[in-house]
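Numbers restart at 1 for each chain; the letters A, B, ... are given by sequence-line order, proteins then strands. All values reported here derive from a predicted model rather than from experimental measurement.
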Amino acid sequence: MNIFQEIQQQVQQAFPALFGSEVELNKITINETPKEFSGDITLVVFPLLKLTKKNPEESAKTIGEYLVANNKNVAEYNIIKGFLNLEIKNEYWVDYVVNGRQSTVDSRQKETILIEYSSPNTNKPLHLGHVRNNVLGFALAGIYKANGHEVIKANLINDRGIHICKSMLAWQKFGNGETPESTGLKGDKLVGKYYVEFDKHYKKQIEEIIVQGKTKEEAEKQAPLLLEAQEMLLKWEKGDAATIELWKTMNSWVYAGFDITYKNLGVDFDKFYYESDTYLLGKDIVEEGLQNNVFFKKEDGSVWIDLTADGLDQKIVLRADGTSVYITQDIGTADLKYKDFKMDQSFYVVGNEQDYHFKVLKLILQKLGKPYANGIQHFSYGMVDLPSGKMKSREGTVVDADDLIDDMIASAKEQTEALGKIDDFTEEEKTALFKTIGLGALKFFLLRVDPKKRILFDPKESIDLHGYTGPFVQYTYARTRSILRKSQDAEIKHQDLNAEYKLHPSELELIKVLYKYPIVLADSCREMNPAKLIDYAYEIAKTYNKFWHDCTILAAEREDEKNFRLLLTEQTGNIIKQSFAIVGIDVPERM
RNA sequence: GGACCUGUAGCUUAACUGGAUAGAGCAUCGCACUACGGAUGCGAAGGUUAGGGGUUCGACUCCCUUCAGGUUCACCA
């Protein structure tokens, strides 16, 4: 319980006695008071007027007087138009700091949640779009964990299919036996190189065929390279030993490459699913759906579902030859996940270009009456676009994940060394620090935007390290650590502090921000939005810096002042560290 | 063509889900420190919230409409 909820409930309980009618809790809107008005908490009375049967002023006055008389923490009130501003007693805030955090949020039931994210294809390296996915997925998992839920992080690796065969075929034809060892290339880069290579030759063949008088569509279907790739896929499906061998080898290169990128990004997984294991799943469920008349069979033998009543189209779920389509696999995998984990909710961190697909998937599972259907949620995020448009691996117009990470670390290094504050660091310490700062800047940059919105990334403009950024918050953390190191007393003397302590405005402002931490944490979970927590971390840093500027800490005039401010400093540092850790950003002791 | 998403200062963005004078950062201009970390703080300027209409005490937020951009509607994944 926190003071906002407390007052809200108190008003609800007193309402019948004050006004002679019941009121719903959500009608009582409680906000922070904007800075330009006096007070800490604001109750908006407009929505209550029909129930109070009085004008705004009188209604507010009645509630205000009731609270001052009956809530020991409310000092006074003022009314401006229909807004009742409540001032909380100094002691309440002081006590909050001195005796540790008390504000909590009455949370909903704890659940088991499976979060699938990352889910790469094994035919090319990761790019900036994947980085956004990984960073978002990891942060979302962290937020749910921090709110007490059980979280399983899953990665469904798309390790088979025609696109994989394209890389394999191109390597076979043009690779001259190259390996990561022989070339010094990272495994995923090497495989990606041949994916591009395939496309190059394929396009050439198409042109040649068009010259012979065929249409573009015909040419695309008839190009020998494509036919060969399709043949290879068939061989793979039949379990042809040589094909499987090549597939295993090249995938192992890719995994070695991914491991490095994942490690640099600091993301991890509890469970891996491989599409080569799951691509045949779902067929039995289609059969089940046919029995229940959820699906129907067309004359050619293909199986469909009619979703026109739900405003969507007809959707095929099984080809005439009995083979699966994408959604068949997803149905099967959803079922497998439930068998494995019996989760209450299942999130898919997947780009918004698949909005329609997931709408269909959920609807199908609902119509099949699956117990997990309602718990399925597509965590849909916007694409990362370049000024030139969409990133396309085949055309090489991508911002490579590893390159980007290297660039970020390099610019962190440059800026940090220019300031000359860490000349006594060992090389190892420096390397670690540059990584902390560089990745902090990158992750902050990707997380600060509402996930739903697309991000425009201009490679020519480097990601900022000043202002509303990760390093700004990290810097503030390092400041708090610096002060605490310098404070003579290893321990802060709580006994010097008492509720009579008179707060400086900047202290009060900081306390109110710290106080909100559990509320923000709960909000960012409820709204599934890591940006909330990022924005909050920035708010703490900014508020602390103002406090720092206005209030002398170590050289404070009185002992209780010094101790109180050290305590605030310590708590600020802790909350910055915690909130950043939740979304996967590190903080340095010095920078 | 149908469906969905987006549009806020020059740029990048926020606004507690309908609340007070739309809040930040970058860039621009001007201030502040012989102090504990200047990757700082304070201030100025910058807005018809794409346009129009509606709903009400009150609209960036909800409804209608127009415009602009994007995604999707594959027996690809």
Self-check item: Candidate pair A/F425 and A/R590, rule side chain to side chain contact (heavy atoms under 4.5 Å, CB included), full reasoning
Solution: CA-CA 10 Å; A/F425 273 38; A/R590 292 173 54 195; 3.5 Å; yes
Practice problem: Report the nucleotide, chosen from B/G19, B/U12, B/G38, that has the shortest atom-to-atom distance to any side-chain atom of A/R448. | Solution: B/U12
Quiz item: Starting at the 5' end of RNA chain B, which residue's closest nucleotide do you reach first, A/D550 or A/P47?
Solution: A/P47
Quiz item: Does a nitrogen or oxygen in the side chain of A/K50 sit under 4.0 Å from OP1 or OP2 of B/U56?
Solution: no
Practice problem: Take A/I143 and A/K532 through the test side chain to side chain contact (heavy atoms under 4.5 Å, CB included) and record every step on the way to the result. | Solution: CA-CA 11 Å; A/I143 287 167; A/K532 284 273 140 83; over 6 Å; no
Quiz prompt | Between B/U12 and B/U55 - C1' atom distance, rounded Å | solution = 34 Å
Exercise. Would you confirm whether the ring centroid of A/Y544 sits within less than 6.0 angstrom of the ring centroid of A/F547?
Key: yes
Practice problem: Determine, step by step, whether A/I534 and A/K443 satisfy the side chain to side chain contact (heavy atoms under 4.5 Å, CB included) criterion, reporting the C-alpha distance in whole Å, the side-chain angles of both residues, the deciding distance to 0.1 Å, and the verdict. | Solution: CA-CA 10 Å; A/I534 285 287; A/K443 290 182 181 180; over 6 Å; no
Quiz item: Would you say the side chain of A/S482 and the base of B/G37 hold a donor-acceptor pair, judged only by whether the two atoms sit under 3.5 Å apart?
Solution: yes
Quiz item: Counting side-chain heavy atoms from C-beta on, which of B/C42, B/G19, B/A14 comes nearest to A/V449?
Solution: B/A14
Quiz item: What does A/I519 touch in the nucleic acid at a heavy-atom separation under 4.0 angstrom: a base, only the sugar-phosphate, or nothing?
Solution: nothing
Practice problem: Using a 4.0 Å heavy-atom cut-off across all strands, classify A/Y356 as base, sugar-phosphate, or nothing. | Solution: sugar-phosphate
Quiz prompt | Base-pairing assignment for B/G1 (Watson-Crick or G-U wobble, both under 3.5 Å) | solution = B/C73
Exercise. Assign A/Y538 to base, sugar-phosphate, or nothing according to its heavy-atom contacts below 4.0 angstrom with the strands shown.
Key: sugar-phosphate
Quiz item: Quick check: does any side chain N or O of A/D310 sit under 3.5 Å from a backbone N or O of A/L363, one acting as donor and the other as acceptor?
Solution: no
Exercise. Could you measure between the two P atoms, the one in B/G19 and the one in B/C60, and give it in whole Å?
Key: 10 Å
Self-check item: Gap between atoms CZ and P, on A/F46 and B/A20 respectively (whole Å)
Solution: 11 Å
Quiz item: Taking the inter-plane angle between the rings of A/F272 and A/Y274 on a 0 to 90° scale, is it parallel (under 30°), tilted (30 to 60°) or perpendicular (over 60°)?
Solution: parallel
Self-check item: OP1 or OP2 of B/C42 under 4.0 Å from side-chain N/O of A/K542
Solution: yes
Quiz item: With syn defined as a glycosidic torsion within 90 degrees of 0 and anti otherwise, which applies to B/U17?
Solution: syn
Quiz item: Which is true for A/T416 with a 4.0 Å heavy-atom rule: it touches a base, it touches only sugar-phosphate, or it touches nothing?
Solution: base
Exercise. Using the C1' atoms only, state how far B/U72 lies from B/C57, rounded to an integer number of Å.
Key: 42 Å
Practice problem: For A/N85, answer base if it contacts any base atom (sugar-phosphate contacts may also be present), sugar-phosphate if it contacts only those atoms, and nothing otherwise; contact means non-hydrogen atoms under 4.0 Å. | Solution: base
Exercise. For B/G25 and B/A15, measure between their C1' atoms and round to the nearest Å.
Key: 15 Å
Practice problem: Would you indicate what A/D300 reaches in the nucleic acid, counting non-hydrogen atoms under 4.0 angstrom: base, sugar-phosphate, or nothing? | Solution: base
Quiz item: Are OP1 or OP2 of B/A15 and a side-chain N or O of A/K532 less than 4.0 angstrom apart?
Solution: yes
Self-check item: Mate of B/G43 where both pairing distances stay under 3.5 Å, Watson-Crick or G-U
Solution: B/C29
Self-check item: B/A59 and B/A27, which share atom name P, separated by this distance in whole Å
Solution: 35 Å
Exercise. Please measure how far the C1' atom in B/U56 lies from the corresponding atom in B/U40, and state the result in whole Å.
Key: 46 Å
Exercise. Would you please confirm or rule out a distance under 4.0 Å between OP1 or OP2 of B/A20 and any side-chain N or O of A/K35?
Key: no
Self-check item: N/O (side chain, A/K562) to phosphate O (OP1/OP2, B/C36) under 4.0 Å
Solution: no
Quiz item: Taking the six-membered ring for Trp, are A/Y348 and A/F358 parallel (under 30°), tilted (30 to 60°) or perpendicular (over 60°)?
Solution: tilted
Exercise. Among B/G37, B/U72, B/G41, find the nucleotide with the atom closest to the side chain of A/K421.
Key: B/G37
Quiz prompt | Between C1' of B/A77 and CD1 of A/I162, the distance in whole Å | solution = 11 Å
Exercise. Tell me which of A/T476 and A/H357 sits closer to the 5' end of RNA chain B, going by the nucleotide each one is nearest to.
Key: A/T476
Quiz item: Do the side chains of A/L566 and A/E570 get nearer than 4.5 Å, heavy atoms only?
Solution: no
Self-check item: Any-strand Watson-Crick or G-U partner of B/A9, both distances under 3.5 Å
Solution: none
Self-check item: Under-4.0 Å side-chain N/O to phosphate OP1/OP2 contact, A/S302 with B/C75
Solution: no
Practice problem: For A/P56, report the nucleic acid contact type (base, sugar-phosphate, nothing); a contact means any heavy atom under 4.0 Å. | Solution: nothing
Quiz item: Given B/G37, B/U17, B/A20, which nucleotide is nearest the side-chain atoms of A/P34?
Solution: B/A20
Quiz item: Counting just side-chain N and O atoms, does A/K359 come under 4.0 Å of either OP1 or OP2 of B/C73?
Solution: no
Quiz item: Can you tell me if A/T33 uses its side chain to pair, donor with acceptor, with the backbone of A/I41 under 3.5 Å?
Solution: yes
Exercise. Could you give the distance separating B/G7 and B/C62 at their P atoms, to the nearest angstrom?
Key: 10 Å
Quiz item: Under a 3.5 Å cut-off for both distances, is B/U55 Watson-Crick or wobble paired, and to whom?
Solution: none
Quiz item: Which one, B/A39, B/A77, B/C36, comes nearest to the side chain of A/L419?
Solution: B/A39
Quiz item: Hey, what's the ring geometry for A/Y468 with A/Y538, parallel, tilted or perpendicular (30° and 60° as the breaks)?
Solution: tilted
Practice problem: Pick base, sugar-phosphate or nothing for A/Q354, based on heavy-atom distances below 4.0 Å to the nucleic acid. | Solution: base
Quiz prompt | B/G18 - base-pair partner by Watson-Crick or wobble geometry, distances under 3.5 Å | solution = none
Self-check item: Ring centroids of A/Y468 and B/A24 base under 5.5 Å with planes under 30°
Solution: no
Quiz item: Out of B/A77, B/A39, B/U40, which nucleotide sits closest to the side chain of A/L465?
Solution: B/A39
Practice problem: Take atom CD1 of A/I316 and atom P of B/A77, then tell me their distance rounded to the nearest Å. | Solution: 11 Å
Quiz item: Which of the following nucleotides, B/U40, B/U17, B/C75, is nearest to the side chain of A/R319?
Solution: B/C75
Exercise. Check every strand shown and say whether A/M591 touches a base, only sugar-phosphate, or nothing at a heavy-atom separation below 4.0 Å.
Key: base
Exercise. Name the nucleic acid region contacted by A/T42, choosing base, sugar-phosphate or nothing; use a 4.0 angstrom heavy-atom cut-off, strictly under.
Key: base
Quiz item: B/C57 P sits how many Å from A/F83 CZ, rounded?
Solution: 15 Å
Exercise. Identify whether any heavy atom of A/A478 sits under 4.0 Å from a base atom; if not, whether one sits that close to sugar-phosphate; answer base, sugar-phosphate or nothing.
Key: base
Exercise. From the options B/A24, B/C76, B/U12, select the nucleotide whose nearest atom is closest to the side chain of A/L456.
Key: B/U12
Quiz item: Can you tell me how far C1' in B/G46 sits from the matching atom in B/G10, rounded to whole Å?
Solution: 9 Å
Quiz prompt | Touch class at under 4.0 angstrom, heavy-atom based, for A/E527 against every strand present | solution = base
Practice problem: Mind calculating the distance between CD1 (A/I534) and C1' (B/U13) to the nearest angstrom? | Solution: 14 Å
Quiz item: Which of the following nucleotides, B/A20, B/G25, B/A39, is nearest to the side chain of A/Y475?
Solution: B/A39
Quiz prompt | A/T552, nearest nucleotide to its side chain (from B/G41, B/C36, B/C75) | solution = B/C36
